[in-house]
Trainee: 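Here you go, one structure.
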Amino acid sequence: MHAERISDALREAAAGWGVDDVRFRLDRPKDTSHGDLASNIALTLASRVNRRPRDIALDLKARLGGIEGIERIEVAGPGFLNFFLESVAVGGTLHRILEAREEYGGNEDGGGRRIMVEFVSANPTGPLHLGHGRQAALGDVIARLLEWSGWEVHREFYFNDAGLQIARLAETVWARYRQLLGHDEPVTEGGYHGEYVVEIARDFLEREGDRYEHERSKAALEAMRRFAVSSLRDEQRRDLAGFNVHFDEYYSERSLYSDKRVEKTIEALDATGLTYRHEGALWLRTTEFGDQKDRVMLKSDGSATYFLPDVAYHMGKWERGFHEVINVQGSDHHGTVDRVRAGLRALGRPGGYPEYLLHQMVTVERGGEEVRFSKRAGSYTTLADLVAEVGVDVARYFFLMRRPEAHLTFDLDLALDQSDKNPVYKVKYAHARLCRLSRLAHEKGWDGMDGPRAPDADTALLAAPAERELINQLGEFPGFLRRAARDRAPHILCDYLERTAGLVNTWYQTGHPTRKPELAALVYDEPLRSARLTLAVAARIVLRNGLKVLGIRAPEAM
RNA sequence: GCGCCCGUAGCUCAGCUGGAUAGAGCAUCGGCCUUCUAAGCCGAGGGUCCCAGGUUCGAGUCCUGGCGGGCGUACCA
């Protein structure tokens, strides 16, 4: 690539002045009049070599003039170097895209190493809500980004099927069950008031009959617990499948107890000498590792807090061979980050383990007003309701298009709009338009563009500004994908795709057959037509691959 | 009180390791459909980048101190 050759040459020149660790940028300027590539190296070098930036820039311009593919270099502003590439060099991007095809955009940063992404991890006490939806989309797409970056990814869902909340769920089922049998049985304080528990109780009654009517025994509650958990987990799994999200493993909190992992973790922590008894509870000195206060491991009644199985679980991840782990969680859980890491550090794991990605909450607005539209869950909007309303693709995209750490307002009016105003449709339409061009070319017998091998089109003919800009944009796809993966930030890809779609539309429209027939894609001039169809195919590949990373369909016709 | 996150156009938000005139979509206003191509395109208006200092050739970006909002700060999960 030209960018690499140029940046090598720049680095070499800096080394010639005795600066081996020069930091600089070489990227595409916002303003096309600043060239195809621009660098600030003269500005960063100025203080190091004690010369004026413009002089350095002029010096560099003279040295780099001979590099192949560069048409000219300009020194601008305080000392920026602007590189204008030859059309051949720009057009070469298209051939690379057509060579790589459905692989285009990926990289090998991961080198085949294993990484776990844990996400959603909802309690099996109710249907998934919008926060889970955002998390499902984020976790899944981060996993996809990592796969495109050469990682072997394991998607995991941890579910808390032990503990107090589950006991309360069982008690709620019992209350609803009794109600169905005509008794006056209130849902206890801290119980689950959503309608869905009534459905579960009804199903349970249908299957098990009234045998537990007068028996609020341990066995009865245990039977109801099992039934409710299994039914809610099934529902969550269905909702996730409907959201195009699948897990490699569902990991049970209870299994940490039956495997004795929790027990072993207590022993291991005890052995560090960092535990102590206070007011009947067993504490860990997590403050040794930067936590704000020490944490209770075992309550005075002998039961474990959540902290303990969390540590046991993450020790387990490490022992299973996952030394790279990303936990996607709602930011309301940020309080647990320091304590879990502290517990793990006490056991000798490195300080940054595991990595956390915390995302902010979601609200839904219609007509500028916040809405909640769950009939079954009562207090919150479910993921399933949202998907039913706007569709999977739109829901996924909207959850992804903002930075995770920013609050997300889900604009239902925009989500339901099927025009280009809706960013999802904008990208899909651009893709479909490009497909139509290929189809039309095929109908006219102008084939050869779309075969498995890159055609020999003379892409240097693509010299119109809209074409140059689009080509440069397509060439940047791998860089954006890499950055999105490294930053765990799918929205970077959303922004990229929207901008690309915009440039596609501009290009498509500036070649309007009526007003600018000489810029139309399907011109009679064969070499030009081939070049433009090559551009169309390359752009289609980028949009398609980009949508694929987001887990969104790219139809050939809308 | 302490900790984490956020504060950019009327609204929702981008802005990469500090770079050139701060961007996009929505909304508003104006222009463009006899020829593959209007689910579209082109253009315009709209900003004390929360405030005040600081660092430097250069700050929306980094540092310090405020202000405002969200979340957390349990022997809850």
Side-chain angles (χ1 to χ4, degrees), chain A residues 23-25 27 29-31 33-34 38-40 43-44 46-47 52-53 76-80 82 123 125 160 163-166 168 190 253 278-283 291-293 295-307 310 330-338 358-361 365 368 401-411 413-414 417-423 425-426 428-430 432-433 436-437 439-441 443-444 479-480 482-484 486-487 489 491-492 494-496 498-499 502 505-517 520-523 558:
Chain A
R23 287 161 66 86
F24 64 96
R25 296 177 56 156
D27 45 26
K30 279 174 277 189
D31 187 335
S33 74
H34 293 149
S39 179
N40 65 343
L43 294 142
T44 66
S47 60
R52 285 191 307 194
F80 289 100
N82 295 337
N123 288 350
T125 53
N160 301 119
L164 189 62
Q165 294 309 314
I166 294 298
R168 284 177 175 164
E253 183 195 5
H278 178 66
E279 290 178 356
L282 185 63
W283 297 67
D291 199 4
Q292 281 197 289
K293 53 172 289 191
R295 303 295 169 178
V296 172
M297 297 162 52
L298 291 175
K299 303 183 220 171
S300 47
D301 67 3
S303 65
T305 60
Y306 249 55
F307 167 59
D310 274 353
S331 64
D332 53 335
H333 287 77
H334 79 251
T336 65
V337 172
D338 282 347
L358 303 174
H359 65 85
Q360 291 289 329
M361 298 295 115
E365 284 186 3
M401 69 183 181
R402 304 296 182 215
R403 331 209 307 283
E405 56 272 23
H407 174 87
L408 178 75
T409 304
F410 199 111
D411 182 346
D413 300 313
L414 185 60
D417 190 321
Q418 301 204 348
S419 77
D420 267 27
K421 288 175 190 170
N422 182 334
Y425 282 91
K426 178 174 179 172
K428 287 185 173 213
Y429 287 134
R433 251 173 226 128
R436 179 161 52 180
L437 271 187
R439 257 199 324 274
L440 287 166
E443 281 165 18
K444 297 192 182 215
F480 274 86
R482 163 177 279 135
R483 194 152 67 81
R486 284 187 182 165
D487 294 353
H491 77 278
I492 288 174
C494 294
D495 284 352
Y496 172 82
E498 276 174 62
R499 172 148 174 76
N505 286 341
T506 299
W507 172 71
Y508 190 71
Q509 191 69 24
T510 50
H512 194 286
T514 310
R515 292 184 1 243
K516 296 265 176 145
L522 301 179
V523 288
M558 299 291 289

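Here is how names work: the chains are called A, B, and so on, in the same order as the sequence lines, proteins then strands, and each is numbered from 1. What you see is a predicted model; the values in this text were computed from it and never measured.
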Trainee: Report yes or no: does A/Asp411 contribute a side-chain atom to a donor-acceptor pair with the main-chain N or O of A/Leu414 at less than 3.5 Å?
Mentor: yes
Trainee: Roughly how many Å apart are B/G25 and B/C42, using the P atom of each and rounding to a whole number?
Mentor: 9 Å
Trainee: In the strands shown, is B/G46 matched to any nucleotide by a Watson-Crick or G-U wobble pair with both distances under 3.5 Å, and which?
Mentor: none
Trainee: Going by modelled atom types, is there a donor-acceptor pair between the base of B/C13 and the side chain of A/Arg402 at under 3.5 Å?
Mentor: no
Trainee: Would you kindly check whether a donor in the side chain of A/Asp332 faces an acceptor in the base of B/A77, or vice versa, at under 3.5 angstrom?
Mentor: no
Trainee: Between B/C71 and A/Ser331, counting only base atoms on the nucleotide and side-chain atoms on the residue, is there a donor-acceptor pair under 3.5 Å?
Mentor: no
Trainee: Both distances under 3.5 Å, Watson-Crick or G-U wobble: report the partner of B/A22, or none.
Mentor: none
Trainee: Rounded to whole angstrom, note down the P distance from B/C57 over to B/A52.
Mentor: 24 Å
Trainee: Go ahead and name the base partner of B/C16; Watson-Crick or wobble counts if both distances stay under 3.5 Å, otherwise write none.
Mentor: none
Trainee: Under 4.0 angstrom, heavy atoms only, what part of the nucleic acid is A/Ala38 near: base, sugar-phosphate, or nothing?
Mentor: base
Trainee: Ring of A/Phe480, cation from A/Arg483 - is the NZ or CZ under 6.0 Å from the centre and inside 45° of the axis?
Mentor: yes
Trainee: Base, sugar-phosphate or nothing for A/Glu279? Non-hydrogen atoms, less than 4.0 Å.
Mentor: base
Trainee: Using a strict cut-off of less than 4.0 Å between a Lys/Arg side-chain nitrogen and an Asp/Glu carboxylate oxygen, indicate whether A/Asp27 and A/Arg25 qualify as a salt bridge.
Mentor: yes
Trainee: Would you kindly compare A/Leu437 and A/Thr506 by the position of their nearest RNA chain B nucleotide and give the one closer to the 5′ end?
Mentor: A/Leu437
Trainee: Assuming nearest nucleotide by heavy-atom distance, tell me which of A/Tyr429 and A/Ile492 is located more 5' along RNA chain B.
Mentor: A/Ile492
Trainee: Using a distance-only criterion (donor-acceptor N/O pair, under 3.5 Å, no hydrogens), is the base of B/G69 paired with the side chain of A/His407?
Mentor: no
